[in-house]
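Start at 1 and go down the list; that is how both ligands and their atoms are numbered. What you see is a predicted model, and the numbers here were worked out from it, not measured in a lab. Computed over heavy atoms, backbone and side chain alike; hydrogens, waters and symmetry mates excluded.
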Amino acid sequence: MKYGGKYYNYLLVCPRKLWLYAGGLGMEHASERVAEGTLLHETSYPSRSIRYEELEVGSVKIDFYDARERVIHEVKMSDRMEEAHVWQVRYYQSVLERIGVEGVTAVLEYPALRHTERLGALTDEDRGKLEAMEKEIDRIVQADVCPAVPAGRKGICRKCSYFDFCFVGEMSDDGREHEL
Ligand code: SF4
């Protein structure tokens with residue numbers, strides 16, 4: 001597979017984040033939010049590893065797959081970027097389809113919100129959108145120059161592992177962030 005699932009997620013979150021991530025500028029090891037997400041995976045469903053399996057297909061890693069029911073389970077902390085989560089999972093469905101597993105469905109799970117979102121099997125429309133997304137990912141990751149910070153401050157930036165990288169120039173001399 002050409003890309004991992006995060007590429008599809010980040011495409012919808014922020015093109016700059018996608019470009020930085022694709023370039024190997026990973027900051028996620030230093031991100032408290034990523035650490036919180038890892039903890040969530042490990043603690044939300046203690047019995048999960050017995051019921052579901054971890055699946056790796058090329059560069060794609062699906063944390064929880066129910067092979068018997070053909071259901072992908074994707075656990076997220078917040079539903080704020082739900083569209084990005086949906087297309088990350090849609091991509092996983094297409095990856096399984098490419099290796100001959102048809103009719104896979106998915107469940108997005110937000111345990112902290114006690115909310116789940118069910119996704120049916122892929123449609124032709126979904127496949128078309130994924131193709132278009134791959135072209136857009138190609139365009140962004142192959143660009144020589146990092147995309148600019150999107151216009152207007154997005155609340156999502158505060159939770160992003162690249163926040164310091166993108167906004168270091170906006171700190172005061174005393175190290176505090178300027179008013180937003
Ligand atoms: S901090 Fe904001 S602008 Fe920078 S990569 Fe993250 S989401 Fe994009």
Item to check | atom 4 (Fe) of ligand 1 to nearest N/O/S of Cys157 less than 2.8 Å | outcome: no

Next on the checklist: Would you say Glu74 and His85 are linked by a side-chain donor-acceptor pair, where the criterion is simply a distance under 3.5 Å?
Outcome noted: no

Checklist entry - How about Tyr92 and Asp63: does a side-chain donor come under 3.5 Å of a side-chain acceptor? => result no

Checklist entry - Got a sec: is Cys14 within less than 2.8 Å of atom 8 (Fe) of ligand 1 via an N/O/S atom? => result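 It does: Cys14 brings an N, O or S atom closer than 2.8 Å to atom 8 (Fe) of ligand 1.
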
Checklist entry - Going by an N to O cut-off under 4.0 Å, is there a salt bridge joining Glu109 and Lys76? => result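 Salt bridge between Glu109 and Lys76, a charged N being under 4.0 Å from a carboxylate O: no.
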
Next on the checklist: Holding to side chain to side chain contact (heavy atoms under 4.5 Å, CB included), I want the full list of residues that pass it with Glu131, two or more places apart in sequence or in another chain.
Outcome noted: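 Residues passing side chain to side chain contact (heavy atoms under 4.5 Å, CB included) with Glu131: none at all.
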
Interfacing atoms of ligand 1 (cut-off 4.0 Å, heavy-atom, [X]):
{"X": "Phe163", "value": "1 (S)"}
{"X": "Phe167", "value": "1 (S)"}
{"X": "Pro150", "value": "3 (S)"}
{"X": "Lys17", "value": "5 (S)"}

Item to check | Geometric class of the Tyr8/Tyr3 ring pair [parallel <30°, tilted 30-60°, perpendicular >60°] | outcome: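 Perpendicular: the ring planes of Tyr3 and Tyr8 meet at over 60°.
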
Checklist entry - Tell me the salt bridge (Lys or Arg N to Asp or Glu O under 4.0 Å) pairs involving residues 83-105, sequence neighbours left out? => result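 Listed by first then second residue: Glu83-Lys129, Arg90-Asp126, Glu97-Arg127.
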
Checklist outcome for this item: With heavy atoms and a 4.0 Å threshold, my read on which part of Cys160 contacts ligand 1 is side chain

